[in-house]
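Everything on this sheet refers to the single structure shown next.
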Protein chains: 2
Amino acid sequence: MDQAGEEQPLRAGSGEMSVGYKLRLAQITAYRGFEERVTGYGSAPRYLGLLMIIDANPGQPQSRLAEAVAVRRSSLVAILDTLEREGVVERRPSETDRRSKAVALTAKGRGVLADLLEAADAHEAALTAGLTEEERATLLSALDRVIANMRAAEGDALPPLATGAASAGRGAADS
Amino acid sequence: MDQAGEEQPLRAGSGEMSVGYKLRLAQITAYRGFEERVTGYGSAPRYLGLLMIIDANPGQPQSRLAEAVAVRRSSLVAILDTLEREGVVERRPSETDRRSKAVALTAKGRGVLADLLEAADAHEAALTAGLTEEERATLLSALDRVIANMRAAEGDALPPLATGAASAGRGAADS
DNA sequence: GTCGAATTGTTCGCCTTCGAACTATATGGA
DNA sequence: TCCATATAGTTCGAAGGCGAACAATTCGAC
């Protein structure tokens, strides 16, 4: 097997076949790869997903943005502080609810986002190199399903066994 | 599209179709879901992947373990400190290299791992609910490809690191 | 109307990770 | 042999996310 001078990666045991396991490794390596690839844009690359959502849904309150990117409300405060300081995002008081603030991209923010999306395209190609178009499509829809499953179970208590989850896939099932 | 007052999740724009984007959301929600599901095992659930690797490859030095779980060497120190304090893992001096330590599971650690793998099975079912067996297989192999792609590109394109090394980087092309 | 409950953004303390040092050991060439 | 260099584990400070609070505001039941 392995005894010569090799640099072979370690294997996990039986559980290596699990989606949860590979999901974690893939995300960590992919995220790092993107941040290494893109430099010179401040902290925007790290929060590209957030910028995309803000761009597509301007004027949303912070709590909805936080939920959309799977980050806690409290965490989003510092993130928006930074992005605002960098001139990418702006917070304005909501006109209908004096508690909330309407978040939107600045003009500079839209430019930064355009650049980042371009870089993300290149990264995406590197990520999915070697996959057929069909495999890539299945990967995307399967990830959608996983996200929907977890979102559906989010509030629920702790049923030790996953029930049928028949109701799960609302919202983002197919294209 | 949507403008009535419902609670529909926010959409991202064009970039929503990217693997990198969905990968992140899926991993965050899945990871949280598992930690919510399993309680009473200390910090072991969070490091299940590490425990699996240690179990499958006993006696490895920390640096290889760190690479295997995509965590920095320095981060692994505190992790192993905790797991050792909880009696799940043990560090022993390597017999061949006095710099390194051989990491292995304790008897208790093997028991904990068995329990966690069972819980992970249930979580896996919840994660992949609604996927056909074929879709799940494609998801797994596609994630493998993504991991391999990122590992292959890891060393490349980063000049400001090791000087004359020239050793790393090569060799993770196929799988 | 009024008052309790829910929601929004925020602050604070804790924990985790990272990157840059540092020490001890190993390795390979002059 | 000697010494430059690489590697293993560790420490330390910085950065970021989380959960628990909290004031301001809105909503809802009465």
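- No N or O donor and acceptor, one from the side chain of A/S75 and one from the base of D/dG16, sit under 3.5 Å apart.
- Between B/E84 and B/K101 there is no salt bridge, since no side-chain N of the basic residue sits under 4.0 Å from a carboxylate O of the acidic one.
- Straight-line distance from the CG atom of B/L80 to the C1' atom of D/dT11: 15 Å, rounded to whole Å.
- With hydrogens and angles ignored, a donor-acceptor pair under 3.5 angstrom links the side chain of A/R99 to the base of C/dT7.
- For the pair A/S63 and B/Y47, both in contact range of DNA chain C, the more 5′-proximal nearest nucleotide belongs to A/S63.
- Taking atom CD1 on B/I79 and atom P on C/dC15, their separation rounds to 15 Å, with Å as the unit.
- Atom CD in B/Q62 sits about 8 Å away from atom C1' in D/dA8, given to the nearest Å.
- Rounded to an integer number of Å, the gap from CG of A/D81 to P of C/dC12 is 12 Å.
- Here the C1' atom of nucleotide D/dT7 and the CZ atom of B/R98 are 15 Å apart, to the nearest Å.
- Residue A/R72 places none of its side-chain N or O atoms closer than 4.0 Å to OP1 or OP2 of D/dG16.
- Between A/R92 atom CZ and C/dG9 atom C1' there is a gap of 17 Å when expressed in whole angstrom units.
- Ionic pairing of B/R136 and B/E124 is present here: one or more N-O contacts between side-chain nitrogen and carboxylate oxygen are shorter than 4.0 angstrom.
- The one candidate from A/L65, A/V103, A/I53 that meets the side-chain contact (heavy atoms from CB on, under 4.5 Å) condition with A/Q60 is A/L65.
- The side chain of A/R73 contributes no N or O atom lying less than 4.0 Å from OP1 or OP2 of C/dT10.
- Atom CG of A/L76 and atom P of D/dG17 are 9 Å apart (whole Å).
- Heavy-atom nearest nucleotides on DNA chain D were determined for A/T82 and for A/T96, and the one closer to the 5' end corresponds to A/T82.
- Looking at heavy-atom distances under 4.0 Å, A/S100 makes contact with sugar-phosphate atoms alone, never a base.
- Residues A/Q27 and B/V146 form no side-chain contact, since every pair of their non-hydrogen atoms from C-beta on lies 4.5 Å or further apart.
- When the C1' atom of D/dG17 is taken as reference, atom CZ of A/R46 falls 10 Å away, rounded to whole Å.
- Here B/D55 does not pair with B/R110 in a salt bridge; the nearest charged N to carboxylate O distance is not below 4.0 Å.
- Nearest-nucleotide assignment on DNA chain D puts the 5′-proximal partner with A/S74, out of A/S74 and A/D97.
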